[in-house]
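Okay, structure first, notes after.
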Amino acid sequence: MKKIVLLTLTLLAFGCKEEKKPEIIQTETKAPNVLIIYPDQLRRYSAGFWSKEKYRDHVIGKPDPVVTPHIDKLAENGVVFTQAVSNFPLCSPARGMILSGRYPEQNGIWNNCRKDRDESLRDDIETITDLFYDAGYNTSYFGKCHWLKNEPLFDEKGTYVGSTEKPGGNYINRYDTYVPPGKSRHSIEYFYQSIRDTHYNPLVYSNDPNAIDGKKDGELHEPKAFTPKIEAEKIKNYLQNKDNLRDSKKPFFLMWSLNPPHNPWDDENTDMETLAKYYNKEKYPQDSLLAVRDNADLKVASYVRHYFANLTSVDNYIGQVLETLEEIGELDNTIILFSSDHGEMLGSHSKEGKNVFETESLAIPFIVHWPKGLQGGTINDVLFGGPDVLPTVMGLAGLSKNVPEAIEGIDFSSLLTDSNEKTVQKPEGILLMLANSRGILSNRYTLCVDQKKQGESKTKSLQEVYIYDNQEDPYQLKKLSLEERPEVAANLLSILGKELKRTNDPWYQQKKFKDVIRYE
């Protein structure tokens with residue numbers, strides 16, 4: 001491989017400000033870097049580019065009037081997926097699928113990891129970070145994890161001791177917990193974890209003492225700062241390699257999970273300067289000018305300004321990281337994936353949050369930006385879900401042969417490249433799941449099969465089966481019975497049966513609701 005000396009650093013693509021230039025590094029021509037950015041609870045149409053003519057026809061309903069210039073630039077110079085969804089629109093299950101390329105029955109996460117639950121990503125399966133590490137990449141992770149069982153393994157000061165016996169026996173948080181070194185960290189070399197949904201008061205752990213005031217891995221650090229800001233600072237240091245944090249001769253694989261725009265949506269947890277600048281009452285006197293979807297309940301959507309403000313703030317810090325990539329000469333050779341773990345209802349159907357089968361909860365952004373390898377400004381309508389991330393990004397990086405046979409996601413990389421050899425067909429439908437529901441999303445319809453919740457009883461009967469026609473009814477205001485669209489229903493139920501079998505879902509194992517779902 002030829003050696004290249006980076007003699008000049010450009011500051012053009014993302015409007016960088018004049019700063020002290022990073023040290024010029026002699027590197028080898030190498031495989032593409034990978035940067036996966038996924039803010040928590042970001043719905044698909046909360047980005048400015050969807051309002052532009054090129055993309056407007058691909059929106060189901062109306063896009064949000066939100067300011068996201070850096071995300072827009074990624075979209076306009078990358079590949080935009082118009083049908084990407086969160087198969088299981090809940091934090092831990094979605095993350096489990098993104099990391100493992102497997103569905104919940106195989107990866108171990110069927111619900112949010114919490115201190116009263118046993119949900120935890122399996123240590124004995126290879127994740128995306130393991131596989132890129134094995135392929136010779138520097139691996140790093142910044143931000144929210146939420147894939148490990150929460151146990152009382154800390155002392156009263158929040159230091160990890162690894163035992164429930166004194167001085168252990170304490171929890172640090174109800175949900176997410178510290179991921180210690182070892183198998184649960186899945187070959188992540190550089191680790192900077194932010195815990196807790198208090199955006200200005202996170203609990204931070206890292207294996208880089210310089211990032212946490214000289215503390216050790218497992219010792220609690222409380223920076224009292226906005227998590228996107230501090231994470232962006234650490235990522236920039238890592239990319240610039242100021243403290244020899246990585247081997248600059250190797251490509252890097254970096255995952256960044258930002259907590260905002262996840263709730264809480266109040267003044268204490270919101271970038272209020274951004275809210276005042278972009279979403280004030282003078283510009284938008286009524287919430288209806290911001291919560292624009294026709295199915296939005298404005299009483300429920302009262303947090304719309306805070307949600308949008310934190311997203312615009314997140315966009316700003318993403319822009320800073322992109323500037324640094326440009327400065328070190330790695331932007332063109334970095335596969336950037338921008339997505340989310342699930343969406344946000346934002347008052348639609350009088351709901352907030354996620355964990356339902358409506359579009360606002362299921363639909364997520366998915367953008368692939370790689371100037372060196374993909375034609376920018378293109379659109380792809382493939383039905384794409386969380387398990388597909390691992391095989392697709394490995395395919396783009398030229399590592400298809402490294403994907404284990406047990407991976408259940410689909411490698412769609414051949415649909416994105418200029419190669420005439422398309423090795424995969426677009427699926428007719430994609431599997432959807434919740435704790436008590438299963439479904440299928442096709443290019444036009446959403447099928448929902450819901451079972452009744454009966455407390456701790458193991459006997460659960462069918463509650464409701466219905467279809468949304470997302471073309472004729474973009475806001476999903478009418479539930480269609482199977483009898484109203486018999487041919488459509490038969491096809492969707494057949495796809496559902498096949499997908500439940502393919503993923504070894506418990507519903508398939510039990511042949512649940514076999515009078516309705518076609519399991520043959």
Side-chain angles (χ1 to χ4, degrees), residues 44 58-62 82-90 103-104 293-297 342-343 345 347-351 354-363 381-385 425-455 457-520:
R44 183 193 294 159
H58 297 276
V59 178
I60 301 172
K62 297 175 185 176
T82 61
Q83 291 276 40
V85 295
S86 177
N87 305 69
F88 196 140
L90 187 62
Y103 287 83
R293 292 181 68 80
D294 290 353
N295 58 7
D297 181 334
H342 50 72
M345 294 302 290
S348 291
H349 300 276
S350 299
K351 300 173 184 176
K354 61 278 185 180
N355 206 24
V356 292
F357 274 173
E358 277 78 33
T359 295
E360 294 83 5
S361 168
L362 291 169
D381 65 354
V382 67
L383 292 164
F384 189 93
Q425 292 184 338
K426 294 180 179 180
E428 290 185 84
I430 188 169
L431 179 62
L432 308 175
M433 51 182 60
L434 298 172
N436 292 287
S437 306
R438 299 292 185 271
I440 288 291
L441 177 73
S442 72
N443 287 313
R444 177 170 176 173
Y445 299 98
T446 305
L447 167 72
C448 308
V449 182
D450 294 339
Q451 67 179 4
K452 291 181 180 178
K453 301 176 185 178
Q454 297 181 355
S457 172
K458 294 183 180 180
T459 304
K460 295 184 178 180
S461 59
L462 190 62
Q463 174 174 295
E464 190 177 17
V465 184
Y466 59 93
I467 296 170
Y468 285 130
D469 185 335
N470 301 317
Q471 180 175 301
E472 293 183 357
D473 179 23
Y475 294 106
Q476 300 175 321
L477 300 176
K478 181 183 179 182
K479 293 180 177 180
L480 301 172
S481 67
L482 303 185
E483 291 73 25
E484 290 179 82
R485 301 285 175 90
E487 292 184 4
V488 170
N491 183 49
L492 294 174
L493 289 165
S494 177
I495 297 173
L496 177 57
K498 292 174 183 176
E499 284 297 290
L500 293 174
K501 179 180 180 180
R502 183 178 74 85
T503 60
N504 191 35
D505 191 279
W507 280 29
Y508 169 74
Q509 296 174 30
Q510 302 165 23
K511 300 298 187 295
K512 185 167 286 189
F513 309 133
K514 60 184 179 181
D515 293 339
V516 176
I517 299 173
R518 302 192 172 193
Y519 284 110
E520 67 272 13

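- When all heavy atoms of E472 and D469 are compared, the closest pair comes out as N-OD1, 3.1 Å.
- Rounding to the nearest 0.5 Å gives a distance of 10.0 Å between OG of S437 and CG of L432.
- At least one side-chain heavy atom of L447 sits under 4.5 Å from a side-chain heavy atom of V465.
- Shown here is K478, whose NZ atom has no more than 12 heavy atoms of other residues, nucleotides or ligands within 6.0 Å.
- Between the Q83 side chain and the F384 main chain, no donor and acceptor come within less than 3.5 Å of each other.
- In this structure, CG on L441 lies 9.5 Å from CG on L492, to the nearest 0.5 angstrom.
- Closest non-hydrogen pair, L482 versus A489, comes out as CD2-CB, 3.7 Å.
- In this structure a side-chain-to-backbone donor-acceptor pair under 3.5 Å is present from N470 to R444.
- A salt bridge between E358 and R293 is absent, with no side-chain N of the basic residue lying under 4.0 Å from a carboxylate O of the acidic one.
- The shortest non-hydrogen separation linking V449 to F513 is CG1-CD1, 4.3 Å.
- Residues Q451 and N436 have side chains that bring a donor and an acceptor to within less than 3.5 angstrom of each other.
- The number of heavy atoms from other shown groups lying within 6.0 Å of CD (E464) is above 12.
- Listed here is the closest heavy atom pair of Y103 and R502: OH-NH2, 3.5 Å.
- Side-chain contact between L500 and P506 is absent, with no heavy atoms from C-beta onward closer than 4.5 Å.
- A side-chain donor from one of S348 and N295 sits under 3.5 Å from a side-chain acceptor of the other.
- The 12-atom threshold is exceeded at CD of Q510, counting heavy atoms of other residues, nucleotides or ligands nearer than 6.0 Å.
- When every heavy atom of N443 is checked against every heavy atom of D381, the shortest pair comes out as OD1-O, 3.9 Å.
- Within the 4.5 Å cutoff, the side chain of E484 has no heavy atoms near those of the Y466 side chain.
- Put simply, CH2 on W507 and NZ on K514 are 15.0 Å apart, with the number rounded to the nearest 0.5 Å.
- The side-chain tip of K512 does not point at the ring of Y508 from less than 6.0 angstrom away and within 45° of straight on.
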* **Full working for side-chain contact (heavy atoms from CB on, under 4.5 Å) between R44 and V85** => CA-CA 8 Å; R44 183 193 294 159; V85 295; 3.8 Å; yes
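- Here the shortest heavy-atom pairing between R438 and L496 reads CB-CD1, 4.2 Å.
- Annotation for K501: atom NZ does not count as buried by contact number, only 12 or fewer foreign heavy atoms lying within 6.0 Å.
- Summarising the geometry, atom CG belonging to L434 is positioned 11.0 Å from atom CG belonging to N87; distances are rounded to the nearest 0.5 Å.
- Looking only at distances, a side-chain donor or acceptor of S361 sits under 3.5 Å from a matching main-chain atom of V356.
- Rounding to the nearest 0.5 angstrom, the gap separating the CZ atom in F88 from the CG atom in L431 is 10.5 Å.
- Taking NE2 from H349 and CG from L477, the interatomic distance works out to 6.0 Å, rounded to the nearest 0.5 Å.
- A salt bridge between E428 and K498 is absent, with no side-chain N of the basic residue lying under 4.0 Å from a carboxylate O of the acidic one.
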